[in-house]
Amino acid sequence: MLVAQGIAGIQGNPQLVFRMIQWVIMMAVIIAFVTWRAMKIKKNPENSITFQDDLHKKKEMGGEDVDFNQNMTLRQKLVLATFVIGMVIVVFGLVNFGWYMNELSMCFLGMGILMGIFGGLTETEIAEEFITGVKDIAFAAMVIGFCSGIMVVAQDGKIIDTILNALSNLVANSNNVVFAAVLYVVQSLLTLLVPSSSGLAALSIPILAPLCDLHGVNPEAAVTALQYGNQLTNLLSPVAGTTVAGLAVCRVSFAQWWKTIWKVWIILAVLAIAFCTISAGL
């Protein structure tokens, strides 16, 4: 968002209070949905779309029941402590030194090796468990790599520029009432080609922000549309790295995910369009 505001020439963060209100409303909707869903599944576990998959996972993990009253062993405490300390180091590095993939990979690899040692695994068992973990996200990694290749072709071939120009012309022909809603739709469609929020900001804001000025609309509308169009689309997009990897780790298919999330996603999208409209008029 701050990157987009900088590109649009917006000084400071003039709609900060309004964005805080948006955050509270969005979080309230999400918390209510998760709570309702959890209560529904707790009452009748068979209604869960992953019920059969969960039974299979429990068998893979060595049993149906877990004794939650059992005391932790020293090895388990060391493993847990290694994880907590490792995550503290990761956050510290992100905040203070700007760590990214290379540094984070080093930290997670080190954590995995140390936890294996503290857990009493041999070097062979550590390697085997590492391969088992990689297996869960290998498909996600391949999908992300494939989609990244498509994005390179689209950018170098000026395909994205052509699409963006056509979509911006569509926005330019809209009246002020639907202008913000069209901005949201445009950003959502572009997100399918450019999942990165900062990349999408650099690509679209230089065109959409001046369009806001031409229509007499607050350029913050373009930033808000980017904010919601990108993030909400990535909740459903098969090219969004975080979503694809998260579902792969949890062994949840996209069909199962879409079936679960689509109702609340529509509510969030309607709220997002409303926020974009309000942002345009502030």
Side-chain angles (χ1 to χ4, degrees), residues 27 30-145 234-235 240-257 259-261:
M27 287 300 297
I30 286 294
I31 291 172
F33 170 75
V34 173
T35 303
W36 168 79
R37 181 77 183 178
M39 293 175 64
K40 179 181 178 181
I41 298 303
K42 183 178 181 180
K43 184 177 180 180
N44 191 357
E46 288 79 9
N47 286 337
S48 172
I49 59 175
T50 60
F51 178 72
Q52 295 298 327
D53 295 332
D54 290 338
L55 293 179
H56 181 67
K57 292 174 191 175
K58 289 180 180 179
K59 292 180 180 179
E60 285 186 349
M61 296 175 67
E64 294 287 335
D65 300 317
V66 177
D67 183 7
F68 291 101
N69 295 319
Q70 183 180 1
N71 292 328
M72 293 181 65
T73 65
L74 177 60
R75 287 189 179 278
Q76 291 171 334
K77 292 178 180 178
L78 289 173
V79 169
L80 183 59
T82 302
F83 173 76
V84 173
I85 294 173
M87 293 307 299
V88 171
I89 294 174
V90 165
V91 173
F92 183 80
L94 284 170
V95 173
N96 292 279
F97 301 110
W99 287 1
Y100 198 51
M101 289 301 177
N102 291 338
E103 295 82 2
L104 298 182
S105 298
M106 177 273 296
C107 286
F108 288 124
L109 178 60
M111 288 165 58
I113 294 174
L114 288 177
M115 287 189 286
I117 294 173
F118 292 146
L121 301 180
T122 66
E123 63 274 16
T124 301
E125 290 173 328
I126 293 174
E128 290 175 347
E129 290 299 324
F130 177 80
I131 293 173
T132 300
V134 170
K135 180 180 65 176
D136 291 335
I137 61 173
F139 176 75
M142 293 177 62
V143 171
I144 293 171
N234 279 339
L235 280 178
T242 304
T243 301
V244 173
L247 292 177
V249 171
C250 296
R251 300 183 185 179
V252 176
S253 69
F254 257 102
Q256 292 172 325
W257 173 242
K259 186 176 180 180
T260 302
I261 201 70

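These numbers come from the heavy atoms of this one structure, side chains and all, not from hydrogens, waters or symmetry mates.
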query: Counting heavy atoms not belonging to Phe51, are there more than 12 under 6.0 Å from its CZ?
result: yes
query: For Phe254, does the CZ atom sit with more than 12 other heavy atoms under 6.0 Å from it, leaving out its own atoms?
result: yes
- request: Considering non-hydrogen atoms only, spot the tightest contact between Val252 and Trp257 and give its length.
  value: CG1-N, 4.1 Å
message: Could you report the tightest heavy-atom contact between Thr260 and Gln256, atom names first, then the distance?
response: OG1-O, 2.9 Å
task: Check for a donor-acceptor pair, side chain of Trp99 on one end and backbone N or O of Phe92 on the other, with a separation under 3.5 Å.
output: no
Could you tell me the separation between the [atom1] atom of [X] and the [atom2] atom of [Y], rounded to the nearest 0.5 Å?
| X | Y | atom1 | atom2 | value |
| --- | --- | --- | --- | --- |
| Ile89 | Leu94 | CD1 | CG | 12.0 Å |
| Arg37 | Thr35 | CZ | OG1 | 13.0 Å |
| Met27 | Ile30 | CE | CD1 | 7.5 Å |
| Thr132 | Glu129 | OG1 | CD | 5.0 Å |

Would you be so kind as to tabulate the donor-acceptor pairs closer than 3.5 Å made by side chains of residues 38-50, with sequence neighbours excluded?
{"unit_1": "Ser48", "atom_1": "OG", "unit_2": "Thr50", "atom_2": "N", "d": "3.2"}
{"unit_1": "Ser48", "atom_1": "OG", "unit_2": "Thr50", "atom_2": "OG1", "d": "3.1"}
{"unit_1": "Thr50", "atom_1": "OG1", "unit_2": "Asp54", "atom_2": "OD2", "d": "3.3"}

Could you list the donor-acceptor pairs under 3.5 angstrom formed between side-chain atoms of residues 102-121 and any protein atom two or more places apart in sequence or on another chain?
{"unit_1": "Glu103", "atom_1": "OE1", "unit_2": "Tyr100", "atom_2": "N", "d": "3.0"}
{"unit_1": "Ser105", "atom_1": "OG", "unit_2": "Met101", "atom_2": "O", "d": "2.7"}

